[in-house]
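For reference, the structure is listed below as structure tokens.
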There are 2 protein chains.
Amino acid sequence: MKKRPSIKDVAERAGVSMATVSRVLSGDYPVSGETRARVERAVRELDYVVNAHARALHGATSKVVALVVAEVVTPFFARIAAGVEEQATLAHRLCLVCTTHADPDRELDVVRLMREQRADAVILAGGVVENDDYRERMRGYAQGLENAGSRLVLCARPSLGPDFPAISVEYENVGGAHAATTHLLTAGHRKILMVAGPVGLTTSDQRVEGYRSALAMYGLPVDPVMISHGPWDRDGGYLRMRALLESGPEFTAIFAGNDGVAAGAIAALREAGRRVPDDVSIVGYDDVPSAADFNPPLTTVRVPQAELGRTAVRLATESSRETSGREHVMLGTHLVIRDSVRPLAG
Amino acid sequence: MKKRPSIKDVAERAGVSMATVSRVLSGDYPVSGETRARVERAVRELDYVVNAHARALHGATSKVVALVVAEVVTPFFARIAAGVEEQATLAHRLCLVCTTHADPDRELDVVRLMREQRADAVILAGGVVENDDYRERMRGYAQGLENAGSRLVLCARPSLGPDFPAISVEYENVGGAHAATTHLLTAGHRKILMVAGPVGLTTSDQRVEGYRSALAMYGLPVDPVMISHGPWDRDGGYLRMRALLESGPEFTAIFAGNDGVAAGAIAALREAGRRVPDDVSIVGYDDVPSAADFNPPLTTVRVPQAELGRTAVRLATESSRETSGREHVMLGTHLVIRDSVRPLAG
DNA sequence: CTGTTAGCGCTTTCAG
DNA sequence: CTGAAAGCGCTAACAG
């Protein structure tokens with residue numbers, strides 16, 4: 001295993017100076033055709049590739065954008081990641097992906113690693129528990145990243161205000177929940193259970209807010225027992241629905257915090273002999289790719305995850321000095337009507 | 001935006017030499033407690049972080065593993081990615097993700113980028129069309145990567161033989177298909193349609209092979225018209241099933257090349273008034289997370305994607321000089337029985 | 001234990 | 001158009 005060739009080797013082989021090699025490699029510089037050809041041949045013969053690190057030592061940043069998420073398996077994050085990767089490629093950037101498992105310590109480590117890498121942008125994606133600790137942490141990141149020449153992007157989570165030195169890309173989370181609930185309401189349902197996520201998690205809280213506002217719009221009171229908080233994956237939905245069925249309030253419809261919860265709830269409902277949608281209607285959130293294959297096909301709220309990811313990278317890589325990395329964009333959501341909601345009989 | 005501090009600034013502020021700073025930063029070196037404290041304080045006050053690039057300029061590689069896949073949204077790849085990321089983190093590596101959209105040119109670009117980055121390992125994951133061009137390309141990668149000190153890992157695709165200088169991590173793809181088909185056979189089905197992927201794609205071809213071998217084991221002939229090749233996503237499954245229903249052979253069961261195809265096929269079947277599993281049984285492949293929520297819950301083959309990803313990284317980061325990056329591991333698959341198969345009536 | 005001094009591989013003035 | 005030389009920020013001998 002011989003040592004890999006450096007620009008010096010190429011220069012020697014081509015009989016030119018290192019500077020010349022560097023010039024033909026970077027392209028944008030007048031070099032005589034003959035010299036260029038010789039260098040290119042040497043490069044090919046040596047199978048030479050530049051050392052990105054040596055190169056990055058000069059410029060301020062390093063042509064990579066980093067995506068930091070809690071985890072990467074759920075369709076929600078996978079689709080954000082796909083959008084980020086796609087746009088990063090378009091912007092001639094590499095895409096680094098890290099997970100935190102929602103652990104602030106891990107997040108701290110990861111953001112710092114990204115600083116070490118001199119990433120152009122660090123994209124923090126997904127809901128969070130938005131307490132003081134969080135805000136302070138973000139302020140620290142923003143500062144550290146900013147005077148390292150890279151930008152912080154908050155994606156699929158609330159903006160921290162127009163004065164906060166970060167780009168934000170949100171989606172109409174509250175609006176989507178409002179629309180979902182309204183859909184149930186217009187179908188005549190009044191006893192609507194909301195099976196939400198953990199208390200405090202922004203994504204879930206906003207969805208609860210949309211649920212509340214829709215009810216309010218109909219002049220209906222919000223009964224706290226109709227809102228269940230807890231883990232919002234399939235298991236959480238299944239377990240909580242089972243408990244609710246056993247000793248919970250009456251209901252004719254369910255607004256599930258996300259499609260995973262909806263899947264679990266449907267399974268529990270079916271086990272209990274309640275037919276969906278004949279006996280109980282349900283709407284989900286996120287529109288995971290398989291929502292159309294659920295039984296019944298799930299009416300749910302489509303979230304533009306890929307677009308969130310793309311936009312995050314686009315803003316981060318294009319943002320001009322004027323805006324100084326403080327822009328804020330809000331993407332829309334919309335209800336996808338399938339077959340899990342029925343007008344209330346009677 | 002002032003310039004970011006370098007190790008020199010820290011040294012000055014702490015009143016020591018750069019070497020000393022470097023030593024306390026790397027940790028593994030005797031430094032007096034007092035000096036260490038002073039350096040650490042300076043680091044904190046300056047909010048200093050090392051420059052990973054400058055550091056990487058010394059060592060041969062750069063603590064990153066790269067994952068190269070066709071795309072990142074489907075659960076199959078998302079789960080491999082999750083495994084890779086997880087294990088990379090354990091091995092104190094960063095995880096770079098790139099997509100090729102199955103375009104060889106793009107793949108070439110990406111692998112070269114990874115070489116520029118001095119990645120420890122480059123993991124190529126997912127099925128491929130295994131022609132001469134492919135083999136030659138891989139040989140080129142392996143060579144380039146090898147004498148750059150990093151390793152090539154072939155993941156979820158066939159090994160290129162024990163002499164090929166790459167690590168391979170496969171799963172029992174043929175075996176899983178064999179088991180799936182046998183499951184249908186033991187339920188009494190004889191007219192089994194195989195809705196496979198594109199001809200030549202290793203993943204699909206192996207599944208067809210398992211289908212054939214199971215039939216052969218039962219002494220049954222393999223009728224070519226019973227095997228449909230084409231795009232193997234939900235749409236492909238839907239469209240092809242519709243065509244098959246209109247003017248295809250008779251069948252009582254279906255072996256779908258993957259769960260997406262199964263979902264599409266089920267949708268088409270239902271539209272045509274054929275009940276699943278009462279009229280036709282079906283088994284899928286991959287066991288996507290939502291397979292249990294399909295209508296009916298889908299019997300399918302579980303593939304250990306996360307484990308494939310983890311193993312790929314583990315072998316790449318742990319492989320010793322003796323094995324010289326040539327190991328080959330095969331992971332198991334198994335049938336997950338749910339509710340989409342019924343014994344053939346009569 | 002600590003400082004000095006070479007580079008690592010590349011880009012970029014500054015001179016030809 | 002091309003070359004020489006000065007670093008970029010860090011680590012790794014080599015001396016104290």
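So that the names make sense, note that chain A is the first sequence line, chain B the second, and so on, each numbered from 1.
For DNA chain D, none of the residues of residues 112-120 of chain A falls under the heavy-atom distance limit of 4.0 Å. Within residues 33-55 of chain B, the residues having any heavy atom closer than 4.0 Å to DNA chain C are, in order of number, B/T35.
Side-chain nitrogen and oxygen atoms of A/S32 include at least one within less than 4.0 Å of the OP1 or OP2 phosphate oxygen of D/dT2.
Each salt bridge (charged side-chain N to carboxylate O under 4.0 Å, His left out) pair with one or both residues in residues 76-91 of chain B, not counting sequence neighbours, appears once here: B/E86-B/R310. Among pairs with a residue in residues 109-119 of chain B, those fulfilling salt bridge (charged side-chain N to carboxylate O under 4.0 Å, His left out) read A/D47-B/R115, B/R112-B/E116, at least two apart in sequence or across chains. Screening residues 89-146 of chain A for ring-ring contact (aromatic ring centres under 6.0 Å, His included), with sequence neighbours left out, gives no hits. Judged as a salt bridge (charged side-chain N to carboxylate O under 4.0 Å, His left out), the pairs with a partner in residues 92-101 of chain B (not counting sequence neighbours) are, in order, B/R93-B/D120.
You can see that DNA chain C meets the heavy atoms of chain B within a 4.0 Å-exclusive cut from C/dC1 to C/dG9, reading 5' to 3'.
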Every protein N/O within reach of nucleotides 13-16 of chain D N/O, cut-off under 3.5 Å:
from   : atom 1 : to    : atom 2 : distance (Å)
D/dA13 : N6     : B/R23 : NH2    : 3.0

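Distance from the side chain of A/S17 is smallest to D/dG3 among D/dG3, D/dC1, D/dT11.
Every residue meeting the side-chain contact (heavy atoms from CB on, under 4.5 Å) condition with B/A156, not counting sequence neighbours, appears here in chain and number order: B/F76, B/I80, B/Y171, B/L308. Annotation: side-chain hydrogen bond (donor to acceptor under 3.5 Å, both in side chains) contacts of B/N131 (sequence neighbours excluded): none.
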Identify every side-chain donor-acceptor pair in residues 49-57 of chain A under 3.5 Å, counting partners at least two apart or on other chains, and give the distances.
from  : atom 1 : to     : atom 2 : distance (Å)
A/N51 : OD1    : A/H53  : N      : 2.8
A/N51 : OD1    : A/A54  : N      : 3.3
A/H53 : ND1    : B/H53  : ND1    : 2.9
A/H53 : NE2    : B/S62  : OG     : 3.4
A/H53 : NE2    : B/Q117 : O      : 3.0

Listing, residues 7-16 of chain A side-chain donor-acceptor contacts under 3.5 Å, not counting sequence neighbours, or none:
from  : atom 1 : to    : atom 2 : distance (Å)
A/D9  : OD2    : A/S6  : N      : 2.6
A/R13 : NE     : A/E45 : OE1    : 2.6
A/R13 : NH2    : A/E45 : OE1    : 3.0

